[in-house]
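A quick write-up on the structure given underneath.
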There are 2 protein chains.
Amino acid sequence: MTDRSRIVYGEDMGRPRGFDEAEVVRAAAALFADRVYDGVSVDDLVGHLGVHRNSLYKTFGSKRGLYLAALRRHLDDDVRPLAEAVAAADGPAAAADLVAGAGLDLLLLAAVERAPADPEVAALVGEALDVLDQALGAVLPAPDAAATGAFTSALLGLRIRARATDSTTEPGSAALARRFDIR
Amino acid sequence: MTDRSRIVYGEDMGRPRGFDEAEVVRAAAALFADRVYDGVSVDDLVGHLGVHRNSLYKTFGSKRGLYLAALRRHLDDDVRPLAEAVAAADGPAAAADLVAGAGLDLLLLAAVERAPADPEVAALVGEALDVLDQALGAVLPAPDAAATGAFTSALLGLRIRARATDSTTEPGSAALARRFDIR
DNA sequence: ATCGGTCAAGAACGATCGTTCCTAAACTTG
DNA sequence: CAAGTTTAGGAACGATCGTTCTTGACCGAT
């Protein structure tokens, strides 16, 4: 017979979850990628994520907690794999196309709107940019710190313009890569 | 007798204004330059602008109306003069320093967060970017459309990173300019 | 002096924000 | 089955959002 006073209740007791946490975070990242943080309401989240209010706060603590989880997942699932592909790319032009074609809007928005007001976001953004710097530096024929940083920033700038003018084509990345492909 | 002699009255004269409309728009532009549109409340505006709620709505119609006025003023008072200075600059490096040193945060924020959701903002942003393109194209030794567009975008990207990491120094502009200073 | 008009000051509106609370259903364990 | 725990489903909270309304002070023209 078990001693009742020693019973430690496991985490897997009770009603099982009706949602996949990883999938919820991924869906949240998608929402935060094309609207500003303040533009995504908790109602929007519970409406599109298949998770209900109570579970959201139980699991992530707050709207900001879910946002940070989404940003971390974006870094791990999108930025780092992209960086690996970039580092293995054949020259700056191919690398630029990879970055331009990747979905980095969440990182972009985080850098512009949240990082200046949220140190934790700023740290994650800085980490992501460093990862991209390192990868892009590996494909530049004559890399130096300032140049790789400028290359990374320039690619983000191209995406800004594409977002703002809703242009599907991005001929700028080729021109940019050519300017950085000097040896 | 009075310093109100400079005030131009409307057709139906009433009590003269206690605020300078141009100055209000300029102050609004400053507020919108370092916070997101949704992050600046009407209370913030009436608190910092020296204009009363009633007058704000009477003069600009809505918060969005004031924002659009601020963006137009930013274009006329900041972007266009900057473009003229850039076009007269001695080479890409000097031009890049001019752009990097100018306060283009309102344009940057507008491009990233408002343009995708507000066509009127998108039009103004596109106009501003075109103005900068034209000016930067004038100082590039071997200009072509794609390259100048990339140069403009790249300078915006540099500002993003500076904002996100709160770095006061911007060595990237020099490296960027060097890459674009080929002939 | 008085009238028509604008402006100033602030209360107040409905809507929506992020968050919390309550209740019932679902599931594991003893 | 009973006990215990966690979820789902919403209602509801106070705060704040953008906007409007009310009231009175002010000003130029009659």
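Here is how names work: the chains are called A, B, and so on, in the same order as the sequence lines, proteins then strands, and each is numbered from 1.
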Take the protein atom CG of B:Asn54 and the nucleotide atom P of C:dG10, then report the distance between them rounded to whole Å.
-> 13 Å
Stepwise salt bridge (charged side-chain N to carboxylate O under 4.0 Å, His left out) test for B:Asp130 and A:Arg161 | CA-CA 11 Å; B:Asp130 286 345; A:Arg161 186 159 201 172; 3.8 Å; yes
With a non-hydrogen cut-off below 4.0 angstrom, is B:Val40 in contact with a base, only sugar-phosphate, or nothing?
-> sugar-phosphate
Provide, to the nearest angstrom, the distance between the CG atom belonging to B:Leu45 and the P atom belonging to D:dC17.
-> 11 Å
So B:Tyr57 and B:Leu66, side chain to side chain contact (heavy atoms under 4.5 Å, CB included) or not? Walk me through it.
-> CA-CA 9 Å; B:Tyr57 279 89; B:Leu66 174 55; over 6 Å; no
A:Tyr37 atom OH is separated from C:dC17 atom C1', nearest whole Å, by 11 Å
Least distance between heavy atoms, A:Tyr37 atom then A:Lys63 atom = O-NZ, 2.9 Å
Nearest to side-chain heavy atoms of A:Ser62, which nucleotide of C:dT19, D:dC21, D:dG18 | C:dT19
Just checking, any donor-acceptor pair under 3.5 angstrom between side chains of B:Asp133 and B:Thr148?
-> no
Closest-nucleotide 5' rank along DNA chain D - winner of A:Phe19 and B:Lys63 | A:Phe19
Between atom CG in B:Leu66 and atom P in D:dT19, what is the gap in whole Å?
-> 11 Å
Provide, to the nearest angstrom, the distance between the CZ atom belonging to A:Phe60 and the P atom belonging to C:dT19.
-> 14 Å
Quickly work out the B:Leu49 CG to D:dG18 P distance and round it to whole Å.
-> 13 Å
Regarding the side chain of B:His52, the nearest nucleotide among D:dG9, D:dT19, C:dA9 is C:dA9
Side chain of B:Asp43 (C-beta onward), nearest among D:dT22, C:dC7, D:dC17 | D:dC17
Name the closest nucleotide to the B:Ser55 side chain, picking from C:dC7, C:dG10, C:dG18.
-> C:dC7
Check every atom of C:dG18, D:dT19, D:dT7 against the side chain of A:Ser41 and return the nucleotide holding the closest atom.
-> C:dG18
Figure out the CZ/P separation between B:Arg53 and D:dT22, and round it to whole Å.
-> 17 Å
With the side chain defined as heavy atoms from C-beta on, A:Tyr57 is closest, among C:dT19, C:dC21, C:dC17, to C:dT19
For A:Arg114 and A:Glu120, run salt bridge (charged side-chain N to carboxylate O under 4.0 Å, His left out): C-alpha distance rounded to whole Å, both residues' side-chain angles, the deciding distance at 0.1 Å, then the answer.
-> CA-CA 9 Å; A:Arg114 297 306 300 166; A:Glu120 206 158 343; over 6 Å; no
Rounded to whole Å, the NZ-C1' distance (A:Lys58 to C:dT19) equals 15 Å
